[in-house]
Amino acid sequence: SQQGEEDPQALSIQEGENATMNCSYKTSINNLQWYRQNSGRGLVHLILIRSNEREKHSGRLRVTLDTSKKSSSLLITASRAADTASYFCATDGGGTDKLIFGTGTRLQVFP
Amino acid sequence: ETGVTQTPRHLVMGMTNKKSLKCEQHLGHNAMYWYKQSAKKPLELMFVYNFKEQTENNSVPSRFSPECPNSSHLFLHLHTLQPEDSALYLCASSQGEGTSTDTQYFGPGTRLTVL
């Protein structure tokens with residue numbers, strides 16, 4: 001069953017702009033993770049945020065979590081062409097302790 | 001590189017063939033996973049192994065048969081597949097017990113085409 005759903009499905013921006021992606025989920029969670037996938041490659045872990053945390057930073061990445069709205073956002077500041085990839089949120093919950101991935105947001109950053 | 005390798009990277013097979021996908025992790029992790037990624041669909045968890053024991057089988061058809069001889073190696077044996085099984089098959093590993101708090105490290109995937 002799908003737990004996380006990303007929005008928008010696709011996003012195109014210019015280098016230097018900020019990119020914001022959102023993830024909504026259905027049931028309560030213990031943690032939420034964000035991953036990046038370059039075209040045709042494996043996923044790379046970006047950040048994990050626990051249900052008792054509201055915000056985490058890692059370099060140019062900022063993740064927020066609002067458990068009351070069952071949503072999370074990933075902000076990439078000062079984007080670069082190398083940030084072009086698909087971004088996935090993954091959560092537990094919904095009766096499983098395994099990660100369930102969403103369908104992803106495809107980000108295109110134009111130089 | 002993430003420390004997780006997969007072979008082959010590309011595979012084309014007929015519906016009557018038998019083939020195997022191989023995954024190896026060089027990270028000393030305990031848990032290993034198989035995922036299926038099809039176009040426009042969420043990543044689907046297929047199997048989870050923790051210390052060589054299968055802890056999750058996500059209602060996967062029996063034409064997919066996993067094997068985990070040790071914590072570093074994971075295989076996916078394929079037989080009598082269907083064209084709808086064409087997808088990118090991803091292997092991952094993690095330090096923990098295969099639960100949602102683990103950070104997973106993914107291999108590059110095997111692009112499978114079933115004719």
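The sequence lines fix the lettering, A, B, ..., with proteins before strands; numbering per chain opens at 1.
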**Q** Transitively linked via ILVMFWY side-chain contacts under 4.5 Å: B:V12 with B:L112?
**A**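 Unlinked, B:V12 and B:L112 end up in two clusters.
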**Q** Which value, rounded to the nearest 0.5 Å, describes the distance between B:T101 atom OG1 and A:D92 atom CG?
**A**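 With rounding to 0.5 Å, OG1 (B:T101) is 8.5 Å from CG (A:D92).
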**Q** Under a 4.5 Å heavy-atom cutoff, which of B:C91, B:G107, B:P108, B:A92 has the most pairs with chain A?
**A**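 That would be B:P108.
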**Q** Tell me whether B:W34 is reachable from B:V114 by hopping between hydrophobic residues (I, L, V, M, F, W, Y) whose side-chain heavy atoms are closer than 4.5 Å.
**A**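 Cluster IDs for B:V114 and B:W34 match.
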**Q** Check for me, please, whether A:V44 and A:M21 land in the same ILVMFWY cluster - side-chain distances under 4.5 Å, paths through other members count.
**A**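 Unlinked, A:V44 and A:M21 end up in two clusters.
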**Q** Tell me, side chain or backbone of B:Q37 under 4.5 Å from chain A's heavy atoms, or both, or neither?
**A**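 For B:Q37, the contact with chain A is made by the side chain alone.
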**Q** With rounding to the nearest 0.5 angstrom, report the OH to NZ distance, B:Y33 to A:K98.
**A**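 If we round to the nearest 0.5 Å, B:Y33:OH and A:K98:NZ are 7.5 Å apart.
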**Q** Specify the closest pair of heavy atoms between B:P42 and A:F101, including all atoms of both residues, with the distance to one decimal.
**A**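 Residues B:P42 and A:F101, closest heavy atoms: CB-O, 3.4 Å.
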**Q** Please flag which part of A:L43 lies under 4.5 Å from any non-hydrogen atom of chain B: side chain, backbone, both or neither.
**A**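 For A:L43, heavy atoms of backbone and side chain both lie under 4.5 Å from chain B.
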**Q** For chain A, find its close neighbours in residues 49-74 of chain B: heavy-atom separation under 4.5 Å, sorted by number, or none.
**A**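 From residues 49-74 of chain B, the residues near chain A are B:T55, B:E56.
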**Q** Quick check for you: to the nearest 0.5 Å, what is the distance between A:T103 atom OG1 and B:L43 atom CG?
**A**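 It comes to 11.0 Å.
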**Q** Would you kindly confirm whether B:F75 and B:Y89 end up in one hydrophobic cluster when ILVMFWY residues are joined by side chain heavy atoms under 4.5 Å apart?
**A**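 Each belongs to a different hydrophobic cluster.
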**Q** With B:S20, which residues qualify under side chain to side chain contact (heavy atoms under 4.5 Å, CB included), at least two apart?
**A**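 Only B:H77 meet the side chain to side chain contact (heavy atoms under 4.5 Å, CB included) criterion with B:S20.
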**Q** Within a radius of less than 6.0 Å around CZ of A:R60, do more than 12 heavy atoms belonging to other residues, nucleotides or ligands occur?
**A**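 Above 12, so yes.
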**Q** Under a 4.5 Å cut-off applied to non-hydrogen side-chain atoms, are B:Q104 and A:Y35 in contact?
**A**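 With C-beta onward as the side chain, the pair touches.
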**Q** Is B:L90 reachable from B:M32 through a run of I, L, V, M, F, W or Y residues, each pair having side-chain heavy atoms under 4.5 Å apart?
**A**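 No, no single cluster joins them.
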**Q** If we ignore hydrogens and angles and just use 3.5 Å, is the side chain of A:Q33 paired with the main-chain N or O of B:D102 as donor and acceptor?
**A**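 Yes, A:Q33 side chain to B:D102 backbone: donor-acceptor pair under 3.5 Å.
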**Q** Considering residues, nucleotides and ligands other than B:Y105, do more than 12 of their heavy atoms fall under 6.0 Å from its OH?
**A**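 No - once you tally the heavy atoms of other residues, nucleotides and ligands closer than 6.0 Å, there are 12 at most.
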**Q** Please flag which part of B:V4 lies under 4.5 Å from any non-hydrogen atom of chain A: side chain, backbone, both or neither.
**A**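 For B:V4, there is no contact with chain A at all, as no heavy atom is under 4.5 Å.
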**Q** Around A:Q9, counting heavy atoms of other residues, nucleotides and ligands shown, do more than 12 lie under 6.0 Å from its CD?
**A**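 No, the 6.0 Å shell around CD holds no more than 12 heavy atoms from other groups.
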**Q** Counting only heavy atoms closer than 4.5 Å, note whether A:Q37 contacts chain B via side chain, backbone, both or neither.
**A**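 When you check distances to chain B, only side chain atoms of A:Q37 fall under 4.5 Å.
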